[in-house]
Amino acid sequence: MATTEASSARVVLSQIQYWLAVIFVIGWAGIICGGLAFQFGAWEYPCPLCIVQRMFMALAALGAAYIVREGMNGTIEPHDYTTGWGLAIVGCVAGGFASWRQTMLHILPGDPGYGDPLLGLHLYVWAWILFVAAIATIGVVLSFSHETAALEIPAVPHRMIGMLALWFLGIVLAINLVAVFLLEGFHWFLPDDPNRYQLFYDLHILS
(Lines give C-alpha, C1' and ligand atoms only; values in the text may rest on other atoms or scores of the structure.)
Protein backbone atom coordinates (compact mmCIF):
# COMPACT_ATOMS: atom_id res chain seq x y z
CA MET A 1 0.00 0.00 0.00
CA ALA A 2 2.76 2.42 0.99
CA THR A 3 4.67 1.51 -2.16
CA THR A 4 1.61 2.27 -4.33
CA GLU A 5 1.07 5.64 -2.65
CA ALA A 6 4.74 6.55 -3.06
CA SER A 7 4.59 5.60 -6.74
CA SER A 8 1.46 7.72 -7.26
CA ALA A 9 3.15 10.66 -5.54
CA ARG A 10 6.17 10.36 -7.83
CA VAL A 11 3.90 10.32 -10.89
CA VAL A 12 2.13 13.49 -9.75
CA LEU A 13 5.45 15.16 -8.94
CA SER A 14 6.86 14.26 -12.35
CA GLN A 15 3.97 16.02 -14.09
CA ILE A 16 4.52 19.39 -12.41
CA GLN A 17 6.28 20.96 -15.40
CA TYR A 18 3.51 19.95 -17.79
CA TRP A 19 0.81 21.35 -15.52
CA LEU A 20 2.84 24.50 -14.93
CA ALA A 21 3.00 24.94 -18.71
CA VAL A 22 -0.79 24.59 -18.90
CA ILE A 23 -1.17 27.16 -16.11
CA PHE A 24 1.21 29.50 -17.95
CA VAL A 25 -0.82 29.23 -21.14
CA ILE A 26 -4.14 29.86 -19.40
CA GLY A 27 -2.71 32.43 -16.98
CA TRP A 28 -0.97 34.68 -19.49
CA ALA A 29 -3.92 34.42 -21.87
CA GLY A 30 -6.19 35.42 -18.99
CA ILE A 31 -3.97 38.40 -18.15
CA ILE A 32 -4.14 39.56 -21.77
CA CYS A 33 -7.92 39.17 -21.48
CA GLY A 34 -7.78 41.47 -18.46
CA GLY A 35 -5.99 44.09 -20.55
CA LEU A 36 -8.64 43.73 -23.24
CA ALA A 37 -11.36 44.12 -20.59
CA PHE A 38 -9.79 47.41 -19.49
CA GLN A 39 -9.45 48.45 -23.12
CA PHE A 40 -13.06 47.83 -24.10
CA GLY A 41 -14.86 47.74 -20.76
CA ALA A 42 -13.28 50.83 -19.18
CA TRP A 43 -12.65 52.40 -22.60
CA GLU A 44 -8.94 52.81 -21.93
CA TYR A 45 -6.61 52.93 -24.91
CA PRO A 46 -3.38 50.95 -24.40
CA CYS A 47 -0.17 52.83 -25.11
CA PRO A 48 2.73 51.37 -27.12
CA LEU A 49 4.46 50.07 -23.99
CA CYS A 50 1.21 48.38 -22.95
CA ILE A 51 1.06 46.61 -26.30
CA VAL A 52 4.74 45.62 -26.03
CA GLN A 53 4.02 44.05 -22.64
CA ARG A 54 1.14 42.09 -24.14
CA MET A 55 3.45 40.87 -26.89
CA PHE A 56 5.93 39.52 -24.36
CA MET A 57 3.11 37.98 -22.33
CA ALA A 58 2.13 36.22 -25.55
CA LEU A 59 5.73 35.04 -26.02
CA ALA A 60 5.80 33.68 -22.46
CA ALA A 61 2.52 31.89 -23.12
CA LEU A 62 3.75 30.54 -26.47
CA GLY A 63 6.87 29.14 -24.81
CA ALA A 64 4.69 27.18 -22.41
CA ALA A 65 2.32 26.33 -25.27
CA TYR A 66 5.24 24.67 -27.05
CA ILE A 67 5.56 22.26 -24.14
CA VAL A 68 1.82 21.61 -24.04
CA ARG A 69 1.69 21.08 -27.79
CA GLU A 70 4.49 18.53 -27.64
CA GLY A 71 2.53 16.80 -24.91
CA MET A 72 -0.30 16.27 -27.39
CA ASN A 73 1.89 13.56 -28.94
CA GLY A 74 1.78 11.62 -25.68
CA THR A 75 5.46 12.10 -24.93
CA ILE A 76 7.72 15.07 -24.21
CA GLU A 77 11.47 14.99 -24.63
CA PRO A 78 13.71 16.84 -22.13
CA HIS A 79 14.82 19.30 -24.81
CA ASP A 80 11.15 20.22 -25.42
CA TYR A 81 10.90 21.43 -21.83
CA THR A 82 14.09 23.46 -22.08
CA THR A 83 13.05 25.02 -25.40
CA GLY A 84 9.63 26.00 -24.10
CA TRP A 85 10.85 27.40 -20.81
CA GLY A 86 13.69 29.20 -22.55
CA LEU A 87 11.19 31.05 -24.74
CA ALA A 88 9.01 31.76 -21.71
CA ILE A 89 11.94 33.21 -19.75
CA VAL A 90 12.94 35.43 -22.69
CA GLY A 91 9.37 36.71 -22.85
CA CYS A 92 9.23 37.32 -19.10
CA VAL A 93 12.60 39.09 -18.94
CA ALA A 94 11.79 41.35 -21.90
CA GLY A 95 8.27 41.98 -20.63
CA GLY A 96 9.61 42.72 -17.16
CA PHE A 97 11.94 45.33 -18.62
CA ALA A 98 9.09 46.93 -20.60
CA SER A 99 6.81 47.07 -17.56
CA TRP A 100 9.68 48.38 -15.39
CA ARG A 101 10.32 51.07 -18.00
CA GLN A 102 6.71 52.18 -17.93
CA THR A 103 6.68 52.14 -14.14
CA MET A 104 9.76 54.36 -14.03
CA LEU A 105 8.11 56.82 -16.42
CA HIS A 106 5.44 57.44 -13.81
CA ILE A 107 7.46 57.06 -10.62
CA LEU A 108 7.70 60.75 -9.68
CA PRO A 109 5.43 61.99 -6.85
CA GLY A 110 2.24 63.51 -8.17
CA ASP A 111 2.30 61.57 -11.43
CA PRO A 112 -1.15 59.97 -11.79
CA GLY A 113 0.19 57.18 -13.98
CA TYR A 114 -1.27 55.83 -17.19
CA GLY A 115 -4.82 54.50 -16.98
CA ASP A 116 -6.85 53.58 -13.93
CA PRO A 117 -5.28 51.50 -11.14
CA LEU A 118 -6.43 48.01 -10.18
CA LEU A 119 -6.37 47.24 -6.45
CA GLY A 120 -4.15 50.27 -5.92
CA LEU A 121 -1.60 49.47 -8.63
CA HIS A 122 -1.55 50.28 -12.32
CA LEU A 123 -1.64 47.45 -14.82
CA TYR A 124 2.02 47.87 -15.81
CA VAL A 125 3.08 47.53 -12.16
CA TRP A 126 1.04 44.34 -11.88
CA ALA A 127 2.68 43.15 -15.10
CA TRP A 128 6.12 43.78 -13.62
CA ILE A 129 5.24 41.77 -10.50
CA LEU A 130 3.83 38.91 -12.56
CA PHE A 131 6.81 38.75 -14.92
CA VAL A 132 9.24 38.55 -11.99
CA ALA A 133 7.08 35.97 -10.19
CA ALA A 134 6.90 33.87 -13.37
CA ILE A 135 10.69 33.86 -13.76
CA ALA A 136 11.13 32.82 -10.13
CA THR A 137 8.54 30.05 -10.51
CA ILE A 138 10.25 28.63 -13.60
CA GLY A 139 13.59 28.77 -11.80
CA VAL A 140 12.28 26.85 -8.78
CA VAL A 141 10.65 24.16 -10.91
CA LEU A 142 13.71 23.75 -13.13
CA SER A 143 15.86 23.34 -10.03
CA PHE A 144 14.07 20.01 -9.63
CA SER A 145 13.84 19.30 -13.34
CA HIS A 146 14.73 15.60 -13.09
CA GLU A 147 11.84 14.98 -10.70
CA THR A 148 9.27 17.26 -12.37
CA ALA A 149 9.67 16.52 -16.11
CA ALA A 150 7.40 13.63 -17.10
CA LEU A 151 8.21 12.08 -20.45
CA GLU A 152 4.76 10.53 -20.93
CA ILE A 153 1.56 12.58 -20.81
CA PRO A 154 -1.78 10.77 -20.28
CA ALA A 155 -4.64 11.52 -22.65
CA VAL A 156 -7.22 12.24 -19.93
CA PRO A 157 -7.34 14.73 -18.40
CA HIS A 158 -3.86 16.04 -19.21
CA ARG A 159 -3.92 16.29 -22.99
CA MET A 160 -7.60 17.20 -23.08
CA ILE A 161 -7.08 20.18 -20.75
CA GLY A 162 -3.90 21.08 -22.63
CA MET A 163 -5.80 21.24 -25.92
CA LEU A 164 -8.45 23.50 -24.37
CA ALA A 165 -5.68 25.76 -23.06
CA LEU A 166 -4.11 26.01 -26.52
CA TRP A 167 -7.44 26.91 -28.13
CA PHE A 168 -8.06 29.53 -25.45
CA LEU A 169 -4.66 31.10 -26.08
CA GLY A 170 -5.19 31.09 -29.84
CA ILE A 171 -8.55 32.85 -29.55
CA VAL A 172 -7.20 35.46 -27.13
CA LEU A 173 -4.20 36.22 -29.33
CA ALA A 174 -6.43 36.56 -32.38
CA ILE A 175 -8.73 38.99 -30.54
CA ASN A 176 -5.73 40.98 -29.31
CA LEU A 177 -4.33 41.16 -32.84
CA VAL A 178 -7.62 42.57 -34.11
CA ALA A 179 -7.77 45.03 -31.19
CA VAL A 180 -4.29 46.34 -31.96
CA PHE A 181 -5.12 46.65 -35.67
CA LEU A 182 -8.24 48.66 -34.81
CA LEU A 183 -6.17 50.90 -32.58
CA GLU A 184 -3.24 51.43 -34.94
CA GLY A 185 -4.99 51.36 -38.30
CA PHE A 186 -2.86 51.59 -41.44
CA HIS A 187 0.11 53.11 -39.63
CA TRP A 188 3.52 51.82 -38.64
CA PHE A 189 3.48 53.35 -35.17
CA LEU A 190 0.97 53.71 -32.38
CA PRO A 191 0.73 57.20 -30.82
CA ASP A 192 2.28 57.58 -27.36
CA ASP A 193 -1.13 58.50 -25.95
CA PRO A 194 -3.77 57.00 -28.28
CA ASN A 195 -7.28 58.41 -27.98
CA ARG A 196 -9.24 56.65 -30.73
CA TYR A 197 -9.45 53.53 -32.89
CA GLN A 198 -7.54 54.82 -35.88
CA LEU A 199 -8.70 52.15 -38.35
CA PHE A 200 -12.23 53.58 -38.41
CA TYR A 201 -10.80 56.98 -39.30
CA ASP A 202 -8.47 55.54 -41.94
CA LEU A 203 -11.47 53.86 -43.57
CA HIS A 204 -13.51 57.08 -43.18
CA ILE A 205 -16.14 55.27 -41.15
CA LEU A 206 -15.65 57.95 -38.51
CA SER A 207 -14.39 61.46 -39.04
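- In the hydrophobic clustering of ILVMFWY residues, with side-chain heavy atoms under 4.5 Å counting as a link, Val172 and Leu177 come out apart.
- Taking a 6.0 Å sphere around CE of Met72, one finds it holds more than 12 heavy atoms contributed by other residues, nucleotides or ligands.
- A single hydrophobic cluster is not seen to contain both Leu87 and Tyr81; linkage of ILVMFWY side chains at heavy-atom distances under 4.5 Å, directly or through other members, places them apart.
- For Phe168, there are no ring pair (Phe, Tyr, Trp, His ring centres under 6.0 Å) partners two or more places apart in sequence or in a different chain.
- Follow the hydrophobic side-chain contacts under 4.5 Å out from Tyr18 and you reach Ile26 in the same cluster.
- Linking Ile, Leu, Val, Met, Phe, Trp and Tyr residues whenever their side-chain heavy atoms come within less than 4.5 Å leaves Ile31 and Leu164 in two separate clusters.
- Listed by first and then second residue, the side-chain hydrogen bond (donor to acceptor under 3.5 Å, both in side chains) pairs that reach into residues 167-182 are Arg54-Asn176, sequence neighbours excluded.
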- Message: Show, in sequence, the C-alpha distance, side-chain angles and deciding distance for Leu183 and Leu199, and conclude whether the side-chain contact (heavy atoms from CB on, under 4.5 Å) test is met.
- Response: CA-CA 6 Å; Leu183 194 64; Leu199 180 64; over 6 Å; no

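- If you look at Phe56 and Phe97, their ring centroids are not closer than 6.0 Å.
- Pairs passing the side-chain hydrogen bond (donor to acceptor under 3.5 Å, both in side chains) check and including a residue from residues 86-103, sequence neighbours excluded, read Gln53-Gln102.
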Throw together a table of side-chain donor-acceptor distances under 3.5 angstrom for residues 132-144, partners on residues two or more places apart or in other chains.
| unit_1 | atom_1 | unit_2 | atom_2 | d |
| --- | --- | --- | --- | --- |
| Thr137 | OG1 | Ala133 | O | 2.8 |
| Ser143 | OG | Gly139 | O | 2.8 |

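- Listed by chain and number, the residues in a ring pair (Phe, Tyr, Trp, His ring centres under 6.0 Å) with Tyr201 amount to none (sequence neighbours excluded).
- Taking Phe186 as the reference, Phe181 meet the ring pair (Phe, Tyr, Trp, His ring centres under 6.0 Å) condition, with sequence neighbours excluded.
- The two atoms that bring Ala165 and Val25 nearest to each other are O-CG1, 3.3 Å, heavy atoms only.
- By the criterion of side-chain heavy atoms lying less than 4.5 angstrom apart, applied directly or through intervening Ile, Leu, Val, Met, Phe, Trp or Tyr residues, Met57 is grouped together with Ile171 in one hydrophobic cluster.
- Residues Leu173 and Ile32 form a side-chain contact, since some pair of their non-hydrogen atoms from C-beta on lies under 4.5 Å apart.
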- Message: One pair to check against ring pair (Phe, Tyr, Trp, His ring centres under 6.0 Å): Phe131 and Trp28. What are the steps and the verdict?
- Response: CA-CA 10 Å; Phe131 280 127; Trp28 286 120; 5.1 Å; yes

